[in-house]
Structure formats: C-alpha cells, structure tokens
Participant: 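Below is the structure I would like to discuss, written out as structure tokens.
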Number of protein chains: 2
Amino acid sequence: MLPDGTEREGGVSMSRAHELRLVSRIAQMYHKEGLRQAEIAQHLRLSQATVSRMLKRAVHEGIVRTTIIPPPGTFGDLEDCIRSSFGLSEVIVVDCTEDREAAIMARIGEAAAHFLEVTLQDGEIIGVSSWSQTILRMVENVHPMRVGRAAYVVQTLGGLGAPNVQDHATHVTMRLAQLTGAQPRLFSVPGVAPSREARELLMADSFVQETMSLFGKVTLSFVGIGPLSPSEMLARSGNAFSEAEIDQLAGAGAVGNMSLRFYDQKGQPVRTRLDDRVIGMTLDEMRGVGRHVALAGGRNKTEAIAGALRTGAVDVLITDKFTASRLVQMQVQGQEHATL
Amino acid sequence: MLPDGTEREGGVSMSRAHELRLVSRIAQMYHKEGLRQAEIAQHLRLSQATVSRMLKRAVHEGIVRTTIIPPPGTFGDLEDCIRSSFGLSEVIVVDCTEDREAAIMARIGEAAAHFLEVTLQDGEIIGVSSWSQTILRMVENVHPMRVGRAAYVVQTLGGLGAPNVQDHATHVTMRLAQLTGAQPRLFSVPGVAPSREARELLMADSFVQETMSLFGKVTLSFVGIGPLSPSEMLARSGNAFSEAEIDQLAGAGAVGNMSLRFYDQKGQPVRTRLDDRVIGMTLDEMRGVGRHVALAGGRNKTEAIAGALRTGAVDVLITDKFTASRLVQMQVQGQEHATL
DNA sequence: ACGGAGCCTGCATTTTTATGCAACCCTGTG
DNA sequence: CACAGGGTTGCATAAAAATGCAGGCTCCGT
C-alpha cells in the first residue's frame, strides 16, 4: 500500500472491476431500460458488436440471470425427466387434484385437446384409436376449427361388436372429423374378429381397404394406453378376449396395449394368435406415424404406459402428475437394478 | 362439479392453464436449452412468429424474469439517481474504502482512465484542464494506445506561474498526448494573468491563439471540480487569488469552479473581475464540448460538484460512492425544500 | 341470421442481433 | 529484437427475432 491508499499491484483486478461496472451498466440499459444495442453503442461510443459481446459476457459472468418461474400446476421437471429418460419428443404432465381415473381422464382430455388445437397443421391426416375414454374426453374439449384444417380423421381400430361401443367409436371419429373440418374415414369392422379367417374376409372389403391404406399416411395419431386386463369398455363390448387369451398374453410378459397391440415391460411386441384377429393399426405402423400421441394416466396403467413408451412408437405422452411421478420413480428403480 | 370431477364452467381458466404451460415450455426451450425460435416452432408445429410472441408473453406474464445482479463495488442505483436528477448523460460511481481525498482521487483516476480508453473515438480532440490531482491520476492510469488514436490533446487552462505547477500542467498534457498518440497543444501562459491587460497581451500570441482556436472543437474534455477555497495546488502555485477575491466570489454566492470558472449553487456563472484574468476555457465553451467529463470527489467538494452539475456543462461525472450519496441526499433535501 | 369489433395467426419483411474475418495489440519467448 | 500466440476490435454480413399486414375466427349486438 502506498500512503494514499493505492495498491501498486492492484491494476489488473481494479481494471476488471471497472470493466464489470461497464458490463453491468450495459446490461441495465439493455434489459431494464429496453434500449437497443445500437443505441447503447452510440451512447457509450463503442460498436454494436462490442455491446452484443458485453451482453453475452454479462450472462457468462452471472451478472444477468434469467429465471423461469413455472406457473402453478405445471411440472416441467417431471416432463423433462420423462422426456429424456424415455427419449420422447414431448411430454405433457397435467395437474390433477386426485389420483382417480375419471378426473385424470378429464384433465388429460383437456390438455390433449389444447395440444391438438395448437399443433395441428393444415392437411394433416389424424388417426384415432377410437375407444378410449380419454380420447373421448379429448374430442369433447376440442373447439371447432375452420373446414379443411385437417384432411382426414382415420379410425385406426375397428369399432367393437356391441352396438353401444360401435356408436362410441363412430361418434369419436365423426365428431373429431367434424371439429377439425376433415373427412372422416370410418372403420366399419369389429376391432377383434371372431377368427383369423373372419378377419381376412372383413379386410377384403374395399371400404376397409381404403381406410387401411391411409394408416401409412397418418401424420398425427392419438391412442389410449390400456393395461393388460381388459378395460371397462372392452369388457362391456362383449368380452372380446377370452380368459385364456389374457392368460396367454400375461404368460408372454405383456404389460399393456395400444389399440390392442400388446407389448412387454421392455416395449417388445408380444405376438399371440390374438394379433391375427385384431383389425387395426399395428405397432410398426404406429412407429411410422409422424407424431404418435399417447393419452393415459392412472395407477393401474402405470406399467402399461412405461412399456408403451419403450416400444419406440410414442412421440408424445400426455399424462397426469401422479402417473408421471410413478413413471419417474419406476425408471429410477429400473436403472438402479440395471447398474447392479 | 360433475360426478367425475370435471367442472362445467372451468373451460376458460383451464384452457388458460394449458396455454401457460405451453408458454412456460417454450421459455424453457428458449432460455434453458438455448434453442432458436425457429427450432422450437418446428418442434411444436407453429410459426416462428408465434414463438416470438409467446416469449414476449412469457415475460409479460412474469414467467421469465431477468435479474441483473450488480457486481460488488458497483453503484447502479446511485448512478441512476444522480444521472436522472441532474440530467447527465453518464455517471460513474467508484467504490472506495475511505472517504479521504487521496484514496478517492486514485480511484476516480482509474475509472476515468478506463472510461477514456473504452470510449475514445478515432480523431477526437481531447481537452484537459491540466492542474487537477485527479486528472493526473487518470493520466497515470491510461494505457498507451496506437498513434493517431486521438488527434489532439489540448490544454484548456494555462499552467500557473510557479515552475513546479507549470511542470505539472505540461506533464499532464504531454503525457496524455503521448498515451493517446495525439499531438499535444500546450498553453504556455499562466492560468491567471496578473491583470486584465496582461491577459490581453498574452492572448495575442499566435501559439496561444492557435491552442484557443481548438477550444471550440474539443470533443471530449476532462476537468476537475474545485471548491471555492483554493486547492492545495492552487495555493502552492503562488496564491494566484487574493483573499479579497475569494471573499468577493463567496459574496456573490460562488460554490466552486471548473478550470477557475466559478458558479453558484444553482449552477449560474458567477462573474467577477477574476474572469478577465483567467486564461482558459469558459463555461460556455465547456457546454459546447461533446462530452465534458468532470472528475471529482471528496467531502469538501460536494457542494462544488452539485453546482457544477447544474451549470449544464457537465455530461459525465465520475465520483466516489461517499460523495455520490451526499449528492443524492443533498438533492433530496433540496427538493423537499422546493416543495414546501 | 348477419355484420362488425377485437383478437389471433402465418407470411413476408424489416429490424435487431450475432458472428466470421482481418487487422491489430500486448505478451512472453527464442 | 523479431515473432508466434492469444485476445481484442470494428466491419460487413449472416442469422435470428420482431412486426406490419391481411385474412380468418369468435363474440356480440342488431
């Protein structure tokens, strides 16, 4: 120290302090006062490029920090976690007060409707796996759009035999087509044919053929994810699967299905003779869809969802916060297991 | 509430929640993941314009917030306050451990040197009011630049009579010219002529004329601010002013000077016969300078500084934090007074 | 049911920002 | 002392972001 309080060796750090002051001042002008870089440059007699670099430096030095305050009822961290650990394109986790099927479906439906409205492109070919409650909820929440927004709405799984379910399937497809201003492409066959032969026969129909020819062209599809044990609707439909068939699937390790295409815990397809009776999109076809959106939530579907995500067919998952946390937890445990 | 937990009327706010989720997600992608708006748009199937608007909305809704963390030792608030209340273009407040003249001058000098280095344009004509300690400190801290960076360094106040001070004045000017690669323009006359007539005589010199002709062309000038009572150097210089003259100035309300041009508390010039003996830039000429930078700090100069800022001649003030707070406080009190 | 105000969208364009480049300067080294 | 190497800068330009505009939709009021 010199008598006047100056340090001899302090030059560098001192100069740095002055630089930081300048950086900070520029940040102030830019972010708080809303000035353009060029204006700041002019005011301070330096080039716009330098101002730009100073601002970059301000971020680097931690002088400016941008925080994202997630609005309540959003779960960015859960979404991130699921997105990255299952390699999905997008994940939407919705808030939900109780972990009950009905409430969850309603919320997921809303979110899916919003997703559809926001991201639907002109001329898309939409696939709907028509008999999921959740998808019905989605359709109920879609606002009508101008005609011709989407090109087709294609039913990707036959309506089941029983009339009430037939109605449901048809209704969902027709309604969605109407709302998106698209042409509906119904699939007037049972989702599960009585036999392999019956399936062949049904699929020979030219109407059916026409619809199926669109499967490969679907750009956006919505499916529910079903657990192994038959859903309420499936059961009501007239018990399409026999007890024995379920057992067979279980034995082969199946954990769930999308449009009645089953897969195991690891996402591997579980092929049984049942496949030869189902009339609808296959897992491979789902994989080929530009954006294959799965809608599902609920305690009993957790395993089914995890498996579905591992099939590689799902691009977007919309689920609830409870199920989302279970998925994350499951994934963590799985990894621990794998590391051992 | 419906039995499944859905609300009938909740549509709007619910949809809003989904929108906010999207906005938040976009903010995440943009700020955290560093994606381009176009990439986000592509990923989410919407236009880049929409993404831009969403991001603006994110700021508006308070989802993204950018904070500026001022580096320690910076005083943005003080600077703002002084800048706005005195209508200055820039204010630099430097950190300083003690409220002592010598330490303050050293710090201000450093800051001024940095300011000079950063903001000096090619071909500028720099004015220096050569006999302030603070300006000497500045010059000591300037790093040499390539030749021709500045065009001229003009001495804006005569060097005083006594040889040591003469040297000081010359040294400052020459050194700064050397450092900035400019041509020096010395002012080889006393700052205070013995009489009005002597002044006329001295100013007739062609060298002197030449230097003075540059006064109107100075683009950047540095002055110290002096209190009413003579500074140490002024005193040492051979007591250029008489006791009587000081009294006269005080009687006229003078509170300080820049280059021996005095003004009162309100910044109004205080003209006395002294003016006819001073050889140097006038207040009006200072006002005409593109960037007139005043360097000063210290308890005994506070009033002088406040007055100087009100002359309208000062564009940039560089001072210390102690003096800065005193200025702010003074200004606040002044306003209270005015409102009564 | 019709028509207009208000709002939102995407497109095309402008405005603003970032960056490759060449020149330059300081520094440390052979 | 010359010179390579790392780090600046400003300029020109590419890249990215913002915005005016026109068309279309929704919501009201008539």
Side-chain angles (χ1 to χ4, degrees), chain A residues 11-12 15-16 18-20 22-23 26-27 29-31 33-61 64 66 113-114 116-124 141-150 178-181, chain B residues 11-12 15-16 18-20 22-23 26-27 29-31 33-61 64 66 113-114 116-124 141-150 178-181:
Chain A
V12 174
S15 175
R16 183 177 151 78
H18 295 302
E19 269 171 35
L20 288 188
L22 181 62
V23 168
I26 290 175
M29 290 170 113
Y30 189 74
H31 294 289
E33 301 172 27
L35 299 176
R36 312 266 156 233
Q37 294 184 1
E39 294 176 300
I40 297 171
Q42 192 168 16
H43 188 86
L44 268 52
R45 308 298 210 275
L46 26 85
S47 72
Q48 175 269 320
T50 303
V51 174
S52 173
R53 287 172 184 132
M54 293 279 209
L55 285 168
K56 182 181 274 183
R57 184 170 167 194
V59 173
H60 199 75
E61 301 260 16
V64 298
T66 76
H114 182 257
L116 173 62
E117 285 174 24
V118 171
T119 71
L120 182 64
Q121 306 286 284
D122 278 9
E124 288 213 76
N141 280 286
V142 171
H143 297 293
M145 309 172 187
R146 72 162 197 284
V147 293
R149 179 71 183 276
Q178 183 199 359
L179 291 166
T180 58
Chain B
V12 174
S15 174
R16 183 178 152 77
H18 295 301
E19 269 171 36
L20 288 188
L22 181 63
V23 169
I26 289 175
M29 291 169 113
Y30 188 74
H31 294 288
E33 301 172 30
L35 298 176
R36 312 265 157 235
Q37 294 185 0
E39 294 176 299
I40 297 171
Q42 192 168 19
H43 188 86
L44 266 53
R45 309 299 212 273
L46 25 83
S47 72
Q48 175 268 321
T50 303
V51 174
S52 173
R53 288 173 183 131
M54 293 277 208
L55 285 168
K56 181 179 275 183
R57 184 171 166 192
V59 173
H60 200 75
E61 301 261 14
V64 298
T66 76
H114 183 255
L116 173 62
E117 285 175 26
V118 171
T119 70
L120 182 63
Q121 306 286 286
D122 278 8
E124 289 213 75
N141 280 286
V142 170
H143 297 294
M145 309 173 189
R146 73 161 195 285
V147 293
R149 180 72 184 277
Q178 183 199 358
L179 291 166
T180 58

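Lettering of chains follows the sequences in order, A, B, ..., and the numbering in each one begins at 1. Just so it is clear, the model here is predicted, and its values are computed rather than measured.
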Participant: Hey, are the side chains of A/R53 and A/I26 touching, using non-hydrogen atoms and a 4.5 Å cut-off?
Facilitator: no
Participant: Over how many whole Å does the gap from A/R36 atom CZ to C/dT14 atom P extend?
Facilitator: 17 Å
Participant: Would the base of C/dA18 count as contacting A/Q48 through its side chain, where contact means a donor and an acceptor less than 3.5 Å apart?
Facilitator: yes
Participant: Which whole-number value in Å describes the distance from A/D122 CG to D/dG24 P?
Facilitator: 12 Å
Participant: Atom CG of A/N141 and atom CG of A/L179: how far apart are they, to the nearest 0.5 Å?
Facilitator: 10.5 Å
Participant: What is the distance, rounded to the nearest whole Å, between atom CD of A/E117 and atom C1' of C/dC7?
Facilitator: 16 Å
Participant: Would you mind telling me which residue lines up with the more 5' stretch of DNA chain C, A/Q121 or A/Y30, judged by nearest nucleotide?
Facilitator: A/Q121
Participant: In this structure, how many angstroms lie between the P atom of D/dT8 and the CG atom of A/L46, rounded?
Facilitator: 15 Å
Participant: Can you tell me how far C1' of C/dC25 sits from CG of B/L179, to the nearest Å?
Facilitator: 15 Å
Participant: Pick the closest DNA chain D nucleotide for B/V118 and for B/L35 by heavy atoms, then say which residue is nearer the 5' end.
Facilitator: B/V118
Participant: Side chain of A/S52 only, heavy atoms from C-beta on: which candidate in D/dT9, C/dG10, C/dA18 is closest?
Facilitator: C/dA18
Participant: Can you find a donor-acceptor pair, distance only, under 3.5 Å between B/R53 side chain and D/dG20 base?
Facilitator: yes
Participant: Kindly indicate whether the side chain of B/S52, heavy atoms from C-beta on, has any atom under 4.5 Å from the side chain of B/K56.
Facilitator: no
Participant: In whole Å, what is the span from the NE2 atom of B/H143 to the C1' atom of C/dC24?
Facilitator: 17 Å
Participant: Just how far is it from atom CE of B/M29 to atom CG of B/L44, taken to the nearest 0.5 Å?
Facilitator: 5.5 Å
Participant: Looking at A/T50, I'd like to know whether one of its side-chain N or O atoms comes within less than 4.0 Å of OP1 or OP2 on D/dG10.
Facilitator: yes
Participant: What is the separation between atom CG on A/L55 and atom P on C/dA18, rounded to the nearest whole Å?
Facilitator: 7 Å
Participant: Answer yes or no: is there a side-chain heavy-atom contact under 4.5 Å between B/E61 and B/V23?
Facilitator: no
Participant: Report the nucleotide, chosen from C/dG10, C/dT17, C/dT19, that has the shortest atom-to-atom distance to any side-chain atom of A/Q37.
Facilitator: C/dT17
Participant: Check the distance between D/dT9's P and B/L120's CG and give it to me in whole angstrom.
Facilitator: 14 Å
Participant: What nucleotide among C/dA18, C/dG10, D/dC11 has an atom nearest to a side-chain atom of A/A49?
Facilitator: D/dC11
Participant: Would you please confirm or rule out a distance under 4.0 Å between OP1 or OP2 of C/dT17 and any side-chain N or O of A/K56?
Facilitator: no
